[in-house]
2 protein chains.
Amino acid sequence: MFMSISSRFAVGIHILSLIEFNKDGVSSSEYLAGSVNTNPALIRRILGMLKKAGLIEVRPGIAGSKLARSLSDITLLDVYKAVDVVQDNELFSVHDNPNPKCIVGKNIQDTIIPILSTAQLALEKVLGNVTIEDVVKDIVEKEERHS
Amino acid sequence: MFMSISSRFAVGIHILSLIEFNKDGVSSSEYLAGSVNTNPALIRRILGMLKKAGLIEVRPGIAGSKLARSLSDITLLDVYKAVDVVQDNELFSVHDNPNPKCIVGKNIQDTIIPILSTAQLALEKVLGNVTIEDVVKDIVEKEERHS
DNA sequence: TTACATGTAATCAATATAGTTACAAGTTTG
DNA sequence: CAAACTTGTAACTATATTGATTACATGTAA
């Protein structure tokens, strides 16, 4: 019915959390793919994005990824920006070329773009207030509750 | 680079504002399309959604649409929901079938879905606080400033 | 040098968007 | 009534993104 924000974001969170849980082991792309349940190449693409954003350390030929920052210093907003799911100020698309001869057509973009931007920023602010540490702690809690 | 929220939303806002500005005239789909700068059939599809949501009144065969509520009683959230750009709780997609044998795979969905939902609701709250009346007033202001 | 891992390009099926054509059904007017 | 016009929709197209997958070059280590 509509196209939502790419699951690369959710997968990115999954990957970072799992690297933490497996910090004493080797988190190869194949290992991570096994938990996410997808293809190692897809995982490597996302790892590349996380690396480029400075969230993890990976090196060609060397198996495994490590977090490049402390858990509490990686927010979901960092991940969201890293995996390129949404561009700044472009979550909403606005029709272009409205008729400039019409008062509405002439002004609609300038009127709604700041509003849509505010909405997007509100969303991003929520993501900025949650860290991977919070996610990891919640997973631990849920796991304890189920056992 | 990525797929953003459909411009149906922006077009819906445009349409409702224009119906207001043209309240003494006849806002046919052709007239509205001229301002949005697109096809009348596309406009009629969106008008159908706005009608179904109770935001406007249109009748087969009779030219023109009218607002079904007062300006200050139509929020951008109403429009956003009317034109079906995003489903409840599904702005973000989450990968399915993560591996249940892994502590992260087993719990990741339950952990992040509420967070993503909170972010989506924060966005929607902003939209709920802006009415078509605000948009219309802002257009009038901008127009006066430019003349 | 063999085995294995990462990095990345290329391809594919499925699906959403925006635009468009076409036409049935309803309404008004001449 | 008939002509002209409008809405309501279905169907189709081109374009673009997603997620998955294959393939392979490059890098590392036993």
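The sequence lines fix the lettering, A, B, ..., with proteins before strands; numbering per chain opens at 1. Values below: every heavy atom of this structure, side chains too, minus hydrogens, waters and symmetry copies.
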Which side-chain N or O atoms in residues 58-74 of chain B pair as donor and acceptor under 3.5 Å with protein atoms at least two apart or in another chain?
from: B/K66; atom 1: NZ; to: B/K23; atom 2: O; distance (Å): 2.8
from: B/R69; atom 1: NH1; to: B/D73; atom 2: O; distance (Å): 2.9
from: B/R69; atom 1: NH1; to: B/D78; atom 2: OD2; distance (Å): 3.4

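- For B/I5 and D/dT17, the CD1 to P distance is 16 Å, given to the nearest whole Å.
- Taking atom CG of A/D84 as the reference point, atom P of D/dA16 lies 18 Å away to the nearest angstrom.
- Put simply, the side chain of A/Y31 reaches to within 4.5 Å of the side chain of A/L18, judged on heavy atoms.
- When rounded to the nearest whole Å, the span between CD1 of B/I56 and C1' of D/dG8 equals 12 Å.
- The distance from atom CG of B/L50 to atom C1' of D/dT9 is 16 Å, rounded to the nearest whole Å.
- Rounded to an integer number of Å, the gap from NZ of B/K52 to C1' of D/dT7 is 17 Å.
- Contact check of residues 107-117 of chain A against DNA chain D (heavy atom, cut-off under 4.0 Å) returns no residues at all.
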Distance-only donor-acceptor pairs under 3.5 Å for side chains of residues 125-133 of chain A, two or more places apart:
from: A/N129; atom 1: ND2; to: A/K125; atom 2: O; distance (Å): 3.3
from: A/T131; atom 1: OG1; to: A/E133; atom 2: N; distance (Å): 3.3
from: A/T131; atom 1: OG1; to: A/D134; atom 2: N; distance (Å): 3.1
from: A/T131; atom 1: OG1; to: A/D134; atom 2: OD2; distance (Å): 3.3

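- A donor-acceptor contact closer than 3.5 angstrom is absent between the side chains of B/S35 and A/N99.
- The interatomic distance linking B/L47 (CG) with C/dG26 (C1') rounds to 16 Å, in whole Å.
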How would nucleotides 20-30 of chain D be written as a contact map, 5' to 3', with B for base contact, S for sugar-phosphate-only contact and - for no contact, using protein heavy atoms under 4.0 Å? BBBB---BS--
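- With sequence neighbours left out, A/E143 forms a side chain to side chain donor-acceptor pair (under 3.5 Å) with B/K106, B/N107.
- Residues B/F9 and A/V94 fail the side-chain proximity criterion, which asks for heavy atoms closer than 4.5 Å.
- Residue-level contact check: A/K51 touches the backbone only, with heavy atoms under 4.0 Å from sugar-phosphate atoms and none from bases.
- Counting heavy atoms from C-beta outward, B/L123 and A/E124 have side chains that stay 4.5 Å or more apart.
- Between the side chain of B/Q120 and the backbone N or O of B/I115 there is no donor-acceptor pair closer than 3.5 Å.
- Between B/L32 atom CG and D/dT7 atom C1' there is a gap of 12 Å when expressed in whole angstrom units.
- Toward the 5' end of DNA chain D, the nearer of the two residues B/S28 and B/S93, judged by each one's closest nucleotide, is B/S28.
- The list of side chain to side chain donor-acceptor pair (under 3.5 Å) pairs with a residue in residues 38-54 of chain A, not counting sequence neighbours, reads A/S29-A/R44.
- Rounded to a whole Å, the CD1 atom of B/I43 is 13 Å from the C1' atom of D/dT7.
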